[in-house]
Q: 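Sharing a structure, written as structure tokens. Questions coming.
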Amino acid sequence: MNKIRLMQEASRCLICENAPCTSACKSGDPARAVRAILFRNEANAGNWFAPCSEEDLMAAEKACIHYDRPVRLRDLAHALPNPVCEEGLPSLEIDFCGLRCENPFFLASSAICTNYDMVAAALKSGWAGVYYKTICLEDINEVSPRFDAVKRADGSFTGFRNMEQLSENSAVEDFAILSRLKKDFPSKIIIASIMGQNEDEWTRLAKMAEEAGVDAVELNFSCPQMRYAGMGSDVGQNPELVTYYTAFVKRAVKIPVIAKMTPNIGSMTPVALAAHFAGADGISAINTIKSVTMGGEVSDRKMISGYSGTAIRPIALRFILEIAQNPILKGAQLSGIGGIYTWRDALQFIQLGCQNVQVCTAVMEYGYRIVDDLILGLRTYMAGRGIEKLEELVGESISSFILPSEADRDTVVYPIIDRDVCIGCGRCYVSCRDGGHQAIAFSEDRKPRILGAKCVGCHLCRLVCPTGAIGVSKRVAKPKRFL
């Protein structure tokens with residue numbers, strides 16, 4: 001069972017609560033092992049399979065909740081690499097806006113952190129802190145239903161749309177909750193997200209946050225579905241208003257101030273610069289993207305509202321990169337948000353300059369428990385590279401990005417087909433024929449062959465190959481016919 005089949009089999013797991021497969025085991029934790037695989041933590045998954053005997057795994061498979069057949073736990077256990085020892089793995093501690101965080105993983109301001117019990121449970125499970133759901137002085141009355149999802153064939157979310165607005169609690173209630181959280185979890189980072197309609201409301205909320213004892217305040221300039229005009233992304237699209245409100249809040253409080261950016265804008269840089277020049281200690285990006293989904297099972301009344309999930313991660317990374325590349329904002333304290341499900345997703349934001357990341361949709365789909373694999377996966381990666389401090393990863397990939405005008409257009413990298421791994425499905429042939437340069441031959445033996453005279457090295461074939469049978473060659477000079 002190769003790596004891609006490993007993931008395919010694990011994806012059949014429903015990630016059950018109080019998983020019957022683990023309950024059926026006398027030793028080990030197969031459910032935890034499969035979850036590790038799903039969240040790209042294969043190097044550690046064997047730790048939970050290792051204690052299981054064959055009899056344990058057979059019992060676990062029999063107990064598996066499934067649609068058609070049990071997850072093949074025995075095959076998964078045998079296909080995994082030897083488990084990595086957790087002892088001696090590096091710490092994930094990192095500074096953000098002068099605050100020492102035990103790891104870079106935070107709950108994003110949203111429905112996943114709306115009361116004391118929710119946040120306390122998350123902090124106990126290992127999250128470093130919380131950007132609490134945005135507090136305002138308006139009367140918030142939510143619609144029902146307010147969520148929709150675009151799903152893959154297995155039912156998991158590709159993207160998630162929400163019409164959620166701000167906290168429905170009163171400001172007094174929410175700041176009391178935040179005060180209690182900080183007292184009960186003094187080592188965790190408690191951040192209040194706030195939104196006002198004018199300078200008086202912004203400064204009043206910021207002062208209430210500081211009096212509650214929170215570590216920092218995040219200014220929500222980005223919510224895309226506010227009921228009233230002049231709030232949320234209406235502000236975040238206007239550099240003058242961002243400057244104005246950020247400056248007012250900075251004068252009102254001594255705790256760090258973080259400005260949250262909207263992606264519903266052509267360029268985020270002018271707004272980020274506005275927040276920076278007004279004194280913001282950090283910038284968080286992005287909030288959800290204005291969108292439309294067409295699900296109609298519950299209601300035929302539809303609205304434009306915010307889109308999140310894995311589908312928006314490349315867009316979020318683009319905005320983070322543009323901020324990090326700006327010479328004036330170089331070294332700015334950044335918090336990355338958008339489609340983070342696995343530690344590898346989080347790593348991408350960190351490598352583009354983020355000191356921490358915020359997670360929402362993944363928690364809504366799978367729960368707070370995913371922090372286990374975020375932490376362990378990133379620590380294992382660091383150990384594998386010999387990196388002792390997380391700061392060493394911050395921004396390391398920024399220099400690898402260039403402008404289109406700087407791209408090397410005189411060389412080519414050809415794909416190479418591994419005929420031993422190829423199963424002869426013909427996907428590469430079809431895609432190249434109908435969407436590429438007709439540079440693959442597909443003969444009766446069902447083994448594709450690259451036609452060098454036609455191949456331009458676009459690598460569409462490699463991207464569609466379902467078995468990973470297509471690799472890359474060394475970069476060489478382009479033939480004269482391409483120049």
Side-chain angles (χ1 to χ4, degrees), residues 94-98 101 104-106 108 131 218-222 233 235-243 246 256-290 308 310-340 343-359 378 381-382 385 387 389-411 475:
I94 188 169
D95 285 337
F96 175 67
C97 294
C101 311
F105 302 115
F106 281 67
Y131 290 75
E218 181 185 66
L219 311 183
N220 187 342
F221 295 141
S222 52
S233 59
V235 175
Q237 295 169 1
N238 187 321
E240 291 184 7
L241 287 178
V242 168
T243 301
T246 303
V257 174
I258 303 155
K260 187 172 185 179
M261 302 286 101
T262 177
N264 300 299
I265 192 170
S267 173
M268 189 179 290
T269 304
V271 185
L273 285 168
H276 173 74
F277 286 128
D281 300 277
I283 294 170
S284 55
I286 60 176
N287 208 319
T288 55
I289 298 172
K290 285 189 175 182
S308 63
T310 56
I312 76 164
R313 188 171 66 253
I315 301 170
L317 290 169
R318 165 241 165 163
F319 281 116
I320 289 293
L321 177 63
E322 288 182 347
I323 293 173
Q325 286 180 321
N326 187 283
I328 298 175
L329 295 170
K330 185 177 181 180
Q333 299 284 288
L334 302 178
S335 179
I337 319 162
I340 298 168
W343 66 268
R344 293 180 188 271
D345 301 336
L347 176 64
Q348 293 175 356
F349 282 86
I350 293 168
Q351 290 175 319
L352 291 185
C354 294
Q355 283 79 20
N356 72 37
V357 296
Q358 302 179 39
V359 182
L378 188 54
Y381 171 81
M382 289 172 60
R385 284 188 54 186
I387 293 173
K389 295 183 178 180
L390 187 58
E391 285 91 344
E392 296 177 48
L393 293 174
V394 176
E396 70 169 359
S397 294
I398 295 174
S399 61
S400 64
F401 285 86
I402 59 175
L403 297 173
S405 59
E406 301 172 312
D408 179 357
R409 300 180 186 276
D410 298 322
T411 61
R475 184 174 292 276

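Predicted, not measured: the structure shown is a model, and the values here were computed from it. Position 1 is the first residue of the sequence, and the numbers go up from there.
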Q: Quick check for you: to the nearest 0.5 Å, what is the distance between L347 atom CG and L393 atom CG?
A: 6.0 Å
Q: How far does CD of Q325 sit from OG of S399, to the nearest 0.5 angstrom?
A: 10.0 Å
Q: Are N356 and F105 packed together at the side-chain level, in the sense that at least one heavy-atom pair is separated by less than 4.5 angstrom?
A: no
Q: Please enumerate all residues that pass side-chain hydrogen bond (donor to acceptor under 3.5 Å, both in side chains) together with T246, with sequence neighbours excluded.
A: none
Q: Output every pair passing salt bridge (Lys or Arg N to Asp or Glu O under 4.0 Å) with a member in residues 345-358, not counting sequence neighbours, ordered by first then second residue.
A: R313-D345
Q: Between CD of Q351 and CG of L317, what distance do you get to the nearest 0.5 Å?
A: 10.0 Å
Q: Let me see the working for F221 and V271 under side chain to side chain contact (heavy atoms under 4.5 Å, CB included), right down to the final yes or no.
A: CA-CA 10 Å; F221 295 141; V271 185; 5.9 Å; no
Q: Report yes if the side chains of N220 and N287 come closer than 4.5 Å at any heavy-atom pair, otherwise no.
A: yes
Q: Once ring pair (Phe, Tyr, Trp, His ring centres under 6.0 Å) is applied, do any residues pair with Y131, and if so which ones, sequence neighbours excluded?
A: F106
Q: With rounding to the nearest 0.5 angstrom, report the CZ to CD distance, F349 to Q358.
A: 10.5 Å
Q: As a quick check of understanding, evaluate side chain to side chain contact (heavy atoms under 4.5 Å, CB included) for V394 and I94, giving each step before the final call.
A: CA-CA 10 Å; V394 176; I94 188 169; 3.9 Å; yes
Q: Name all pairs fulfilling the salt bridge (Lys or Arg N to Asp or Glu O under 4.0 Å) condition that reach into residues 272-283, sequence neighbours left out, sorted by first residue then second.
A: K250-D281
Q: Determine whether a donor-acceptor pair (N or O, by modelled atom type, separation under 3.5 Å) exists between the side chain of Q355 and the backbone of L334.
A: yes
Q: Search all heavy atoms of D408 against all heavy atoms of R475 and return the closest pair with its distance.
A: OD2-CD, 4.0 Å
Q: Under the criterion side chain to side chain contact (heavy atoms under 4.5 Å, CB included), I'd like the reasoning laid out for L390 against L378: C-alpha separation, chi angles, the key distance, then a yes or no.
A: CA-CA 9 Å; L390 187 58; L378 188 54; 4.0 Å; yes
Q: Once salt bridge (charged side-chain N to carboxylate O under 4.0 Å, His left out) is applied, do any residues pair with R385, and if so which ones, sequence neighbours excluded?
A: E396
Q: Looking only at non-hydrogen atoms, find the nearest pair between F319 and G266 and report the distance.
A: CE2-O, 4.5 Å
Q: To the nearest 0.5 Å, tell me how far I350 CD1 sits from E391 CD.
A: 10.5 Å
Q: Mind checking side chain to side chain contact (heavy atoms under 4.5 Å, CB included) for E240 and listing every partner two or more places apart, or none if nothing turns up?
A: N238
Q: Hey, what do you get for CG (L403) to CD (E406), rounding to the nearest 0.5 Å?
A: 4.5 Å
Q: For T269, what residues pass the side chain to side chain contact (heavy atoms under 4.5 Å, CB included) criterion, not counting sequence neighbours?
A: S267, L273, E322, N326
Q: Side chains of E218 and S284: any donor to acceptor distance under 3.5 Å?
A: yes
Q: With sequence neighbours left out, write down each residue that passes salt bridge (charged side-chain N to carboxylate O under 4.0 Å, His left out) with E392, or none if nothing qualifies.
A: none
Q: Specify the closest pair of heavy atoms between I337 and A108, including all atoms of both residues, with the distance to one decimal.
A: CG2-CB, 4.5 Å
Q: Before you tell me yes or no, could you show the steps for F277 and I328 under side chain to side chain contact (heavy atoms under 4.5 Å, CB included), namely the whole-Å CA-CA distance, both residues' side-chain angles and the distance that decides it to 0.1 Å?
A: CA-CA 10 Å; F277 286 128; I328 298 175; 3.8 Å; yes
Q: What is the minimum heavy-atom distance between A259 and A280, and which atoms define it?
A: CB-CB, 4.4 Å
Q: For G339 and I312, work out which heavy atoms get closest and say how close.
A: N-CG1, 4.2 Å
Q: Look at the side chain of N264 and the backbone N and O of I289, then say whether any donor-acceptor pair between them is shorter than 3.5 Å.
A: no
Q: Output all residues satisfying side chain to side chain contact (heavy atoms under 4.5 Å, CB included) with A272, sequence neighbours left out; order by chain, then residue number.
A: M261, I283, I323, L329
Q: Check whether any side-chain heavy atom of Q237 sits under 4.5 Å from a side-chain heavy atom of P270, and report yes or no.
A: no
Q: Quick check: closest heavy atoms across S335 and F96, and the distance to 0.1 Å?
A: CB-CZ, 4.0 Å
